[in-house]
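Structure, as C-alpha cells:
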Amino acid sequence: MFRHLTTRILSRPTTVTAARARPFSTDVAAAPAADEAFAEAWKKVIPNIDPPKTPLHFMTPRPSTPSSIPTKLTVNFVLPYASELSAKEVDMVIIPATTGQMGVLPGHVATIAELKPGVMSVHEGNDVTKYFVSSGFAFIHANSYADVIAVEAVPIDQIDPSQVQKGLADFTQKLSSASTDLEKAEAQIGVDVHSALNSALTG
Amino acid sequence: MASSAAVPFWRAAGMTYITYSNICANLVRNCLKEPHKSEALTRERVHFSVSKWVDGKPQKPTIRSDSPEG
C-alpha cells in the first residue's frame, strides 16, 4: 500500500523541477533551498522520520540577480593546477573570445564564451594585469560574476620571443608541406597560437 | 550533406576540443622562458598504462610515460 504512495511522492519532485527548468535562467528568481511540497507530503505519511534530503538541499541556491548593476565585477580565474584569481573584484576584464576581444563590465549579460589563444587583461583602477591564455572558456553570470577557466595562462613577460619566432617559422613551413587533414589542422593550430603569442609580445 | 553549423577547422579535420586545447597548451608551454618552462614541463608530466581488454582478459599494456631526462 505504501509503495504506491512513495512512488507518487518520489515522482513529484521531478515534475516540479522540470517546470522550473523551462523558463530562461535570466527570468528565474533565486532558487529555493528545499522542496516544500515534498517535505509536507512526506510528513503526512511518515511523521516520525525526517524527510530525506533532496539534491536541492545540498545545492547552494543560485544568487539572485541584483536589481541595480553592481559597481564591480567579481572574477574567478582558474587553471587546472592553480587558482590565479579567486573572487577578485575588478572593474573590467577583456577576454580573447573566438568571436574577438570581448570586454566584460559589471552588469554584462550572461554569456558563455569559448576562448581562443590570446591575451586576457584584468583592469582594476589604473592597474592592468595581462595574461596569455592558451584556450578555455569564460562563463559570465547575470549577477556580475565571471568565471574564466584556462588550460595554461602565463604573464606576458614569461614568454620567450625567440622561441615564438622559431615556432612560427616552423609551423608556417609545416602548413605549406602538410598532406593529410589532420597534419594541416595541427600546423594551422601551431600558426594560430604562435601568431597570437607574437601579437601578445608586440601589442 | 551540408553541415548545419560552421564547425571550427580542427573539428572538421576530426580533432576533438580536448586534443585541440592540449595542443595549444603544449605549444604555449614550449614558448616560455627558462625557469618557468622547466616548471611547466615537470608539472604536466604524465605516466599511465593503457591496456585493451579482449574476452575478459587484458592485452599487453602500452605505457605512456614522460620519464625524467638525464
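Labels below follow one simple rule: chain letters A, B, ... track the order of the sequence lines, proteins then strands, and each chain is numbered from 1. These numbers come from the heavy atoms of this one structure, side chains and all, not from hydrogens, waters or symmetry mates.
For residues 21-33 of chain B, heavy-atom neighbours of chain A at less than 4.5 Å comprise B:S21, B:I23, B:C24, B:A25, B:L27, B:V28, B:R29, B:N30, B:C31, B:L32, B:K33, sorted by residue number.
Around atom CG of A:L182, more than 12 heavy atoms belonging to other residues, nucleotides or ligands sit under 6.0 Å away. For A:Y145, the OH atom sits in a loose shell: 12 or fewer heavy atoms of surrounding residues, nucleotides or ligands are nearer than 6.0 Å. Annotation for A:K53: atom NZ does not count as buried by contact number, only 12 or fewer foreign heavy atoms lying within 6.0 Å. No more than 12 heavy atoms of other residues, nucleotides or ligands sit less than 6.0 Å from atom CD1 of A:I112.
A:K184 places none of its side-chain heavy atoms less than 4.5 Å from the side chain of B:F9. Taking the side chain as every heavy atom from C-beta outward, A:I189 and B:M15 approach each other to under 4.5 Å. In this structure, the side chains of A:E152 and B:E44 come closer than 4.5 Å at one or more pairs of heavy atoms.
Between B:W10 and A:A185, the shortest heavy-atom distance links the atoms CA-CB, 4.3 Å.
Here B:K37 contributes atom NZ and A:I159 contributes atom CD1; the two are 13.0 Å apart, rounded to the nearest 0.5 Å. Once rounded to the nearest 0.5 Å, the distance linking NZ of A:K116 with OH of B:Y20 reads 9.5 Å. Distance check, rounded to the nearest 0.5 Å: CD of B:E34 to CD of A:Q158 gives 11.5 Å.
Ranking A:E183, A:K166, A:E114 against chain B, the residue ahead of the rest is A:E114, based on heavy-atom pairs under 4.5 Å.
With a threshold of 4.5 angstrom between heavy atoms, A:V164 approaches chain B through its backbone and through its side chain.
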